[in-house]
Amino acid sequence: MSETIRTDEAPRFRYSARLANEIEAKWQGYWEEHRTFWAPNPSGPLSDGFEQMAGRSKLYVLDMFPYPSGAGLHVGHPLGYIGTDVFARFQRMNGHNVLHAMGYDAFGLPAEQYAVQTGQHPRVATETNIENMRRQLRALGLGHDPRRGPATTDVDYYRWTQWIFLQIFNAWYDDAADTARPIAELVRQFEAGERAADDERPWAELSPIDRRRLIDAYRLAYLDEAPVNWCPALGTVLANEEVTPDGRSERGNHPVFKRPMKQWTLRITAYAERLLADLDLLDWTDSIKLMQRNWIGRSVGASAVFPVEGHEGVEIEVFTTRPDTLFGATYMVLAPEHELVDEIVPVGWPGTTRGDEWIETPAAWRGIFGVDRTPAEAVTAYREFAAGKTDLERQTETREKTGVFTGAFATNPTNGESIPIFIADYVLIGYGTGAIMAVPAHDQRDFEFAREVELPIVGVVRPPDAWLEAHGVTADTPADEWPEAYTGDGIGMNSANDDVSLNGLETAEAKRVIGEWLERTGTGAPTVTYRLRDWLFSRQRYWGEPFPIVYDESDLPIALPESMLPVELPELTDFEPRIVDDDEQSLPLPPLARAHDWVNVELDLGDGVKSYRRELNTMPQWAGSCWYYLRYLDPTNDHELVGSEVERYWTHGVRAGGAPAAGGVDLYVGGVEHAVLHLLYARFWHKVLFDLGHVSTPEPFQRLYNQGYIQAPAFVDERGFYVEVIDVEERDGDYFADGRPVTRKDGKMGKSLKNVVTPDDIYRDYGADTLRLYEMFMGPLDASRPWSTTDIIGVHRFLQRLWRNLVDEETGVARIFTDPPDEQTRRLLHRTIAAVRDDMASLGFNTAIARLFELNNRLTLVVAEEGAAPSEVATPLVLMLAPLAPHTAEELWSRLGHEYSLAYEPFPVADPALLVDEEIEIPVQINGKVRARIRVPADADAATLESIARADAKIAALLDGASVRKVVVVPGRMINFVTD
RNA sequence: GCCCGGAUGGCGGAAUUGGCAGACGCGACGGACUCAAAAUCCGUUGCCCGCAAGGGUGUGUGGGUUCAAGUCCCACUCCGGGCACCA
C-alpha cells in the first residue's frame, strides 16, 4: 500500500512526493543543460573546460558494468550506483576532477535468448533495454558524464575489443623477462638462431606451415583441442569459472559435460605469479584477495619423472608437494583421460613380485568389472564408468576410491623399485600433470586406495609420538597397520640410496635435499604448480564480438590486420545455436556458420587476394567488460584504444601513506559475485596491455569495494512455490496469500523470488532523493540488508522537516536570519561537519545521515523558538546534504539565494576550536559500575578528577566506610574506584 | 572436510586504541491539534523488580585475561559466503 499524500490539502510548498518530483525533474534538466558532470580530459576532444580544473586532483570512481536487463531495475540494483554517486559528489565538492560514468555490458545471453524466441534481432531488445535503464538511472539523479557511456555492442566499441584480442594473439610470454612481448620478437629470435624448436630442428629447416605451428604454440591466444565444459542446453562451451562446483552452468543451472573440442584459449596461466603477487599492491578486502589466491591456487613442491618399464623413453611426470616422501611411492596413478594410458597398456596381465614371491596380477588390481578381461578391456571399462559419473554423483558419493591396474610398471627413481601404474578417477586430468606418485603412508587418498586395491604401504616419515599414541600404534608398527595416513611433518626414515639419504631429516630439510638430488640427477626439479587453468575464450553464440581471425587452407588461424577492423557481426534472422547431431557426442554449430557470405571471404592479406574462412565462434561476454574502464576515459578516440596522456592522467597511482600504488581506478564498487571471474580476467588483460605498453599501470583497480545486496521478504506456499509479495497479508504474525498460509523466506531481491520493488514506485510515492537517502541509511554499504517499505518514511520525514526548517511551506520563501546561532547549536554544527566528512570519506553514509538527522533535529528546536533558521547553520547543512539528496539540496541552495549549482561548492570544514568542549561529563564507576556522572573541565588532570569525583554526594556516600584499594583515572574518559 | 565473514532491543542498525552499550531511524505506547481520521508536532520506549527514588540484569553459548570486555584470548553453537579427491 502506498503512502499517498493528500496533496490537495497540503500547503503548496510542503515537501511531498509531488514537490520532490517537480524539483527532481528541474535539476536533472539543469545538470544536463549545464553539463555539470562533464569531467574534462587533459587533452583531446573531451578536454573542454580542463583549464578550470587546474589545481584539482583527479578521481576516477567506477561502478561495475551493468547488463541492461529487459526487466528493468529494481531497488536492489542502484545501491552501489547511489553509493558511488554520493562519494563522487562529495569529492567533487572537495576539489577533485571526478570522472564518474556508466556504460552497458550489452552482449550476452538474455538478449540472444529473447531473440531466439521472438525472431527479433537482439540489437532491438538491447537498445530498448538500454534506453529504459538510462531513463531509470537518470531519474535517480546520478551525476554521470553522459559522453562516456558506451555499450559493448557498439561497433565503435567492439572494434577495440577485437583490437585487444589481436594484441593478445600477436604476443607471447617471455618467461625469462617475465613479460609479454610482441610475437615478432619471438620470430626474430628463431630466425637469428637464438631459440630452437622443441625438437631441436633449426628454423631454416622448418616448412612455412611448421613455422606457423611453432609460433602459434607460443601465442597468448591459441587454439587448443582439450576437454572443455560443453553445455548442450546453452549450445555453447563455458569457461571453468562459469561452471558451478556441482557441474552446472552458472547461468541457467544447466548440466555441463566435459568434451574435447578445439577452442580459443587465453594463456592466463602465464600471469599466475604476477596476478598473485600484485594483489599486495591493491586496496581490496582480504576476503576477495583470498578468493583470488585460492582460485589461482599456487602450490610449491617438485616435479619428478618416473620411467615406464619396457617403454624406452616413455616417462610419467608427476608433481608432488611432498618430494620428501618419494621413497614411499609404492604405485602411480594416472587420470583415466591421461594420454599415456593407451601407449603403456600391455596385451596381457603381467605378474608381479610381492616380497620374494612371484604372483599373478592380484584380482583386486584388475578392477571392479570382473577379472577375466584384458588390461585394455579393463581400462576401457573403467574409463566408461568414470566418464559416466555425473558430477552430482561425484558429490553425493562416499568418495570410495576406485581404479584399475594398467598392466604397466614404472621405476621409482629414488630406489629403483618397480611400482604398478593404475588409473583412478581420484586423479584429475585438469590438475598438475594429471598423474601422481602415490605415497599411501602419507596421503589419505592414496592410503584409502591402497587399502581398497591391496597395495603396499611403506612409511618414510616417522610421525611424532603424540600421533602414534592417539592412533594406538608404536614407532615399530609398520605403516600398513596404521589406521590412517600420517600427513604431517616428521623425521625421514626408510629413505636412502647410495647417493642420497633423507633419514633423520626434518621434512623441510628433506624436501630441500631431495630437490637438489632430483635436479642433479635430472629426474626432476623443485616446481610451482597452479590450479588456475588457461581461459577458454570462445562461445558458440551469435550475440558477441566476432574474432578478427580467418583461416586459410592449412586450417591455421590468421590474424586480420588492424586496418580490417572492425569485423562486424553479420545480419541473421535465426540466432539459435545448433548442434551437428542429436546425440550425446554432438558438436556445437555456431549461428555464424549460417552467414555463408560473411564466412567465406576474399581478402588480400599481403600475398594477393585469396579465399579465407572466418572464425565462427564469438567472444564471451567477459571480453567487453574486461576493459570498459579504459574506454570511459577516451570514448570517442578512433585511432587509439585510449590516448596515453588521458590514460596516464586518470589512472596514475595515488595511495595514501606512500605505499606502492598499483594505479588504475581509484574506487571500484560492485558485487562480490565478480570476485573471481570478471576481476581476474580484467586484471589479466590489463597486465597484457601493460606489458605491451598500451597502459601505464600494472593493475586496473586500485581500490575495490563490495557493496551488499538488498534482500527482501519473500513467501512460499505449501507447495514450496514463491508467491507474489503484493498478494501476501499478515495476520497476528502469520502470513496468508488468498487465504492460504504462506511461509516467509527472505532472499536477494529479484524476479525469481517474486519480491521485486521498482524504483519507479518509490519515485512516485516519495521521490528519488528519499530513495537515495533510504538506501544509504539502511546500513553500511558493504552489508546486505532487508528492504523495508515502512522504514522509508523516516528519511522522507527528515527531508520534509529540513525543508520546512528552511522554507515557508505556504509561500516557498526561505526563512533565514543572519544572526549567529546559539553556542550549543554552533558546536553541534561543527561536530556534525567533522563527523560527516570522516564518514563520507570512508563510505560510512549511514552514520553520516544519522548525524545530519541530529543536526536537523536541533535546528527544528531553533526554528520553533526563533521562527527562522540561522544561515550559519542552514548553509552548511544544505551543502552536507548535497551529495546524498542532490535535487533537494540544489533547490534549497537556490532558494537560499544562490544562482549556480552547488556541485562544485566547497564541502564545509569544521572549526577545530569548536570541536573541543571546555566542560565534559564523565562517568564515575565503583568496581566497574557507573554510579554517578560528573561535569569536569575537559583538561582536568587525574588528581583533580579524583577529588571532584570524591566530592560528589552519591559517590561519597557509597565510598563511606569502604576501603578503596585502587583508583583508575583516565583523564577525559572515566574514573573507577576499586574497593575491597 | 578446509578457509573466510558474521551474531547487539520488537525491526534496520550505532559504539576511535578495551573506557557511559543501544546513536539515528522504523515500529509500539501516551499526549497535542481535529467533529473525526490522515498528515504534522511533543513525550516515553532493552529486559526484570519497584508507586517512586532506586536496584538488578543485559551485546549467540560456556570459560578466561583486565580496575574495566560488544571489543582481547580459549572452546563451542548457529547463520552467510568461498573452495573442495588440488597430489
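Any value given below was found using the heavy atoms of this structure, including those in side chains, with hydrogens, waters and symmetry copies removed. Each chain gets a letter, A, B and so on, in the order the sequences are listed, and its residues count up from 1.
Looking at residues two or more places apart in sequence or on another chain, you find no side-chain hydrogen bond (donor to acceptor under 3.5 Å, both in side chains) involving A/Trp284.
Atoms OH (A/Tyr15) and P (B/A39) sit 18 Å apart, rounded to a whole Å. The interatomic distance linking A/Asp839 (CG) with B/G13 (C1') rounds to 14 Å, in whole Å.
Comparing B/A84, B/G12, B/C85 by their nearest atom to the side chain of A/Arg531 picks out B/A84. For A/Leu428, taking side-chain heavy atoms from C-beta onward, the closest of the listed nucleotides B/G19, B/G12, B/A87 is B/A87. Distances were taken from every side-chain heavy atom of A/Arg14 (C-beta onward) to each of B/A39, B/C26, B/A87; the shortest belongs to B/A39. Among the nucleotides B/U16, B/G12, B/A87, the one closest to any side-chain atom of A/Arg973 is B/U16. Of the candidate nucleotides B/C26, B/A21, B/C86, B/A21 has the atom lying nearest to any side-chain atom of A/Val930.
Contacts of A/Val968 with the nucleic acid, taken as non-hydrogen atoms under 4.0 Å apart, include base atoms. Among the heavy atoms of the strands lying under 4.0 Å from A/Arg797 are primed sugar atoms or P, OP1, OP2 only; no base atom is included. As judged by a 4.0 angstrom heavy-atom cut-off over every strand, A/Arg801 is placed among residues touching the sugar-phosphate backbone only. Across all strands, A/Glu921 comes closer than 4.0 Å to base atoms (heavy-atom distances). The residue A/Ser784 sits close only to the backbone: its heavy atoms come under 4.0 Å of sugar-phosphate atoms, none of a base. Here A/Val672 lies out of heavy-atom contact (under 4.0 Å) with every strand. At the heavy-atom level, A/Met974 lies under 4.0 Å from base atoms of the strands shown. Heavy atoms of A/Asn294 sit nowhere under 4.0 angstrom from any nucleic acid atom. Residue A/Thr320 is in sugar-phosphate contact alone, with no base atom involved, counting any heavy-atom pair closer than 4.0 Å across all strands shown.
For the atom pair CG (A/Asn846) and CE (A/Met776), the distance works out to 9.5 Å, reported to the nearest 0.5 Å.
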Subject >> Test ring-ring contact (aromatic ring centres under 6.0 Å, His included) applied to A/Tyr774 and A/Trp787, step by step >> reply: CA-CA 10 Å; A/Tyr774 173 61; A/Trp787 178 265; 5.0 Å; yes
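Taking the six-membered ring where tryptophan is involved, the planes of A/Phe449 and A/Tyr331 are tilted, since the angle between them lies from 30° to 60°.
Residues A/Ile792 and A/Arg322 both approach RNA chain B. Their nearest nucleotides, taken by heavy-atom distance, put A/Ile792 toward the 5′ side.
Side-chain atoms of A/Tyr766 and A/Gln800 form no donor-acceptor pair, as typed in the model, at a separation below 3.5 Å.
For B/G70, the base is anti relative to its sugar; the glycosidic angle deviates from 0 by more than 90°.
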Original post:
What string of B, S and - do you get for nucleotides 53-60 of chain B, 5' to 3', when a contact is any protein heavy atom under 4.0 Å?
Top reply: --SSS---
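Near RNA chain B, meaning a heavy atom under 4.0 Å from it, residues 846-860 of chain A has A/Asn846, A/Thr847, A/Ala850, A/Phe853, A/Glu854, A/Asn857 in order of number.
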